[in-house]
Amino acid sequence: MVFYVILRVAIPSPLHKLFDYLCPVELEGLAKPGMRIKVPFGSREIIGIVIDTDVHSDYSSKQLKTALMLLDADPVLDATQFWLARWAAHYYFYPEGEALQQALPVLLRKGQEPTFAHATLWRATAHATLSSLATSAKRQRELLELLLRNPQGVSTEAIKIEGFSTPLLKALADKHLAESFASHPRPYQFATGSETILKEAPLTLNEEQASALYSLLNPSHFHTLLLEGITGSGKTEVYLQAIEAILKVGKQALILVPEIGLTPQTLSRFKARFQVPVMALHSGLTDRQRLDAWLMARDGSARILIGTRSAIFTPMKNPGIIIVDEEHDPSFKQQEGFRYHARDLAVLRAKKEDIPLLLTTATPSLESLHNALDGRYQHLHLRQRAGNASAPKFKFLDIRGEALQAGMAPELIHHIRQHLSAQTQVLIFLNRRGFSPSLICHDCGAVNECTRCDARMTLHRSPAHMHCHHCDRQTPIPKRCHQCHSEDLRPSGAGTERTEEQLKSLFPNIPVLRIDRDSTSRKHALENMMKQIHTGQPCIMIGTQMLAKGHHFPRVTLVAVLDADAGLFSADFRGMEKTAQLILQVAGRAGRAELSGEVLLQTHHPDHPMLAALVTQGYEAFAKSELVLRQGAGLPPFHHHALIRAEASRQGWAEAFLRSIREAIETHLSLPPGNHWSGPFPSPMEKRAGLFRSQMLIQGRERRHLHTLLRMIMQEVEHNPMKNKVRWSIDVDPIDSY
DNA sequence: AGCACGCCGACT
DNA sequence: GTCGGCGTGCTC
Ligand SMILES: [Zn+2]
Ligand SMILES: [Zn+2]
């Protein structure tokens, strides 16, 4: 009898299973979990990840194919990554092979070696000293310093990342102070022990900051600190100093920031403070740059790693701390495919690696607040504004019965005029792009709708076209009504373009800057507008969420929110929370330093209890009463949600599919306790991008029982004859219900 | 998701 | 006749 060694392999395919292969004799003893392996799969050969070696298979050795080759001598995925990606795959019901794949840089998925690009390295020549350069040659001296600190060589790439230009390097080379040599090891390395960490001195902490820093670093083991502080309260300084402390003991820091938060300004803040290699992991990197960054993180040479959602899977050799900045930001939850929440995975990872986790925000998510109130997180506040700046004054502008001009009440326009004449800047927030959200026939009332979605087309003027924001369909602006052929088509409602136009005509001598995705899509457009704003001259900014995140406007004294009612009566139970967070975030742009700010909220509901609580008692009071409502209604974070979505090309198919799943389970199986199942019902926007959508919601009192039910659903889908006619997905802990 | 296999319409 | 349309089924 022959014994075969059998390998269990995760294959990147949408199938929710693992696959077994015979281990070729020459690979016996070599294959380890976390290694890439090439295997035959159907008619092709693909790269999978070894999950387990020497397993028992339900398939006979005759049915099993033989694995082809190992791609790694050591696991590419370290133990933490391997565990985290698999844990997330199970928790979010995503195929393990796909999840593991997403934890790897693209080049490794394609089978490339986990090595740095062949690079030209630079080092100082044997006789080079700083005194060989004139004191006036500041940048050259800095570059030479860098080279002197790294006698083993620095790659051209790393020199550029540090902000030195090629001519600068050439100047040193011409003076025979620097020389190049070929190699392909890591492009960057600091000798441990002798490294300089800081480039600039840290600021002095106030008492609250100092105690937050202390709580974060003590103990140095796993614990989660939720640090709540308004803009300008110095949260960043706290974590910069926490990073400094962990760098001093030779460890690395991982910082997650929201999708629009990874700006050059954010990065320069770190680079200005720290001497050590800072790596940004963002969508602008080439596959090669991403792999190099990943490798530098893994071998410990990159000390500070800043990235968006997917950076949670970046390996670290010496993990010291994880920081999730703006922890409430929805971009930490992936909205399609592998629907993980990076903040939640950060908790898991920090626990696994036994390091502190810092969550910072001005407006905690109710999930995090709930965890803090339950004692799972420490919760500290920074209540003092830096430089003793006074908090902005909030005021409701009751717009009931008011005649609005492009979304603005006369009193608002009056306020804008006042602030501008005081030579300060005004920021207007309207979370709606385009000129107008609908185009209506004045004679018959017909609305211009998207043919592929249950939604109105948005009118854009620059450039002029109709645009569906749900499926991206674009058409010319119609000249006549499609129903009655009238030519009297009128835009109804205001978007940023329309408000911009109105402001320009009201204030012809004042620059009006529109900041939204459309106006900033051209390269440097945003940068140029920011430059103009930072001259400090009076101006009006009108924009969407883009304005609310990341940017600081010290000369702004008036912030106006045109539609504070946006989330008030939304079908989504998180609407109120999202609106409150946005309002406070926008308000945080006003009145820094010596100028005090004013925040005007245009609303039809100045007496709405939640809105009033937010404005008069602050976010925390608001959030606590919102938590009470959630608890009463059995909503998250008290109960847990999972949303089963389905879509199909024909109306009714998606719903029929979901219904048959539900019926099959309810008639043949006994349900785990504590779950409340609702639906299927049509999605809030039933038709979108030409597909008809339906969904079911499951609310579970206990996670394990909810997951048991979800596993039953997975099983049932496998055998369901309609599964190929629909696209479907499970969303665990969904953050919206579209 | 890929990819092959297979069974009908319309093109050289 | 055969090229290709995409429905159906399978991947250890
Ligand atoms: Zn009409
Ligand atoms: Zn559409």
Side-chain angles (χ1 to χ4, degrees), chain A residues 2-28 30-71 82 85-86 88-90 92-104 106 108-111 310 334-340 644-654 656-657 660-661 689-693 713-731:
Chain A
V2 187
F3 291 97
Y4 295 96
V5 174
I6 295 168
L7 303 174
R8 186 148 292 163
V9 178
I11 302 286
S13 89
L15 303 169
H16 290 258
K17 20 169 121 129
L18 298 173
F19 293 83
D20 296 339
Y21 288 89
L22 298 175
C23 183
V25 192
E26 67 273 20
L27 296 185
E28 275 179 32
L30 293 177
K32 303 255 161 44
M35 290 181 176
R36 293 171 298 162
I37 192 164
K38 191 183 257 180
V39 293
F41 189 67
S43 60
R44 51 206 171 117
E45 293 178 357
I46 58 180
I47 297 170
I49 304 281
V50 178
I51 293 293
D52 218 339
T53 57
D54 216 357
V55 296
H56 168 79
S57 180
D58 294 340
Y59 288 74
S60 76
S61 57
K62 289 190 180 52
Q63 292 171 287
L64 295 178
K65 291 184 183 174
T66 305
L68 299 166
M69 64 183 286
L70 270 179
L71 284 100
F82 186 65
R86 293 188 70 201
H90 294 138
Y92 294 105
F93 288 89
Y94 197 66
E96 249 172 279
E98 301 257 19
L100 286 161
Q101 183 109 158
Q102 292 204 28
L104 287 175
V106 173
L108 294 184
R109 292 177 209 172
K110 291 184 179 159
S310 62
Q334 180 128 51
Q335 292 288 24
E336 54 186 36
F338 189 10
R339 307 177 105 101
Y340 63 94
I644 324 295
R645 296 184 175 85
E647 56 185 29
S649 53
R650 304 264 177 88
Q651 190 157 25
W653 282 12
F657 166 74
S660 74
I661 299 292
L691 296 172
F692 294 90
R693 309 171 319 140
I713 291 175
M714 291 281 312
Q715 283 264 313
E716 194 49 49
V717 171
E718 289 300 313
H719 312 135
N720 193 292
M722 289 157 84
K723 71 167 181 200
N724 297 323
K725 298 216 173 359
V726 300
R727 274 175 54 112
W728 71 283
S729 67
I730 291 183
D731 191 351

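Below, all heavy atoms of this structure are taken into account, side chains as well, without hydrogens, waters or symmetry copies. Since the structure is predicted, the reported quantities are computational estimates derived from the model, not experimental observations.
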Problem set entry | Contacts of type salt bridge (charged side-chain N to carboxylate O under 4.0 Å, His left out), residue Arg727(A), not counting sequence neighbours | Glu647(A)

Problem set entry | side-chain hydrogen bond (donor to acceptor under 3.5 Å, both in side chains) pairs, two or more places apart, involving residues 32-44 of chain A | Arg36(A)-Asp72(A)

For this session: Measure from the side-chain N and O atoms of Lys723(A) to the backbone N and O of Glu718(A), and report whether any donor-acceptor pair falls under 3.5 Å.
Result: yes

Seminar exercise, completed: Output for pair (Ile644(A) CD1, Met714(A) CE), nearest 0.5 Å, gives 10.0 Å

Exercise. Can you name the residues that form a side-chain contact (heavy atoms from CB on, under 4.5 Å) with Ser60(A), not counting sequence neighbours?
Worked result: Lys62(A), Gln63(A)

For this session: Sequence neighbours left out, what passes side-chain contact (heavy atoms from CB on, under 4.5 Å) with Lys725(A)? Give chain and number order.
Result: Trp653(A)

Problem set entry | Qualifying salt bridge (charged side-chain N to carboxylate O under 4.0 Å, His left out) pairs, either residue in residues 5-21 of chain A, two or more places apart | Arg8(A)-Asp20(A)

Problem set entry | Those residues of residues 36-44 of chain A lying under 4.0 Å from DNA chain B by at least one heavy atom | Ser43(A), Arg44(A)

For this session: Give, ordered by number, those residues of residues 646-654 of chain A having at least one heavy-atom distance below 4.0 Å to an atom of DNA chain C; if nothing qualifies, reply none.
Result: none

For this session: Using the six-membered ring wherever Trp is involved, compare the ring planes of Tyr94(A) and Phe338(A) and label them parallel, tilted or perpendicular (cut-offs 30° and 60°).
Result: parallel

For this session: Remember a base hit wins even if backbone is also touched, and classify Lys725(A) as base, sugar-phosphate or nothing at under 4.0 Å, heavy atoms.
Result: sugar-phosphate

Problem set entry | Residue pairs involving residues 92-103 of chain A (criterion salt bridge (charged side-chain N to carboxylate O under 4.0 Å, His left out); sequence neighbours excluded) | Arg86(A)-Glu96(A)

Exercise. Base, sugar-phosphate, or nothing for Leu15(A), non-hydrogen atoms under 4.0 angstrom?
Worked result: base

Seminar exercise, completed: Sorted by chain and residue number, the side-chain contact (heavy atoms from CB on, under 4.5 Å) partners of Arg339(A) (sequence neighbours excluded) come out as Lys333(A), Arg645(A), Ser729(A), Asp731(A)

Problem set entry | Residue list, side-chain contact (heavy atoms from CB on, under 4.5 Å) with Gln651(A), at least two apart or on another chain | Glu686(A), Phe692(A)

For this session: Identify the 5'-most and 3'-most nucleotides of DNA chain B with at least one atom closer than 4.0 Å to a non-hydrogen atom of chain A.
Result: dA1(B) to dA4(B)

For this session: At the 4.0 Å heavy-atom cut-off to chain A, mark where contacts on DNA chain C begin and end, going 5' to 3'.
Result: dT8(C) to dC12(C)

For this session: Indicate yes or no for a side-chain donor-acceptor contact from Tyr21(A) to the backbone of Pro40(A) under 3.5 Å, with no hydrogens or angles considered.
Result: yes

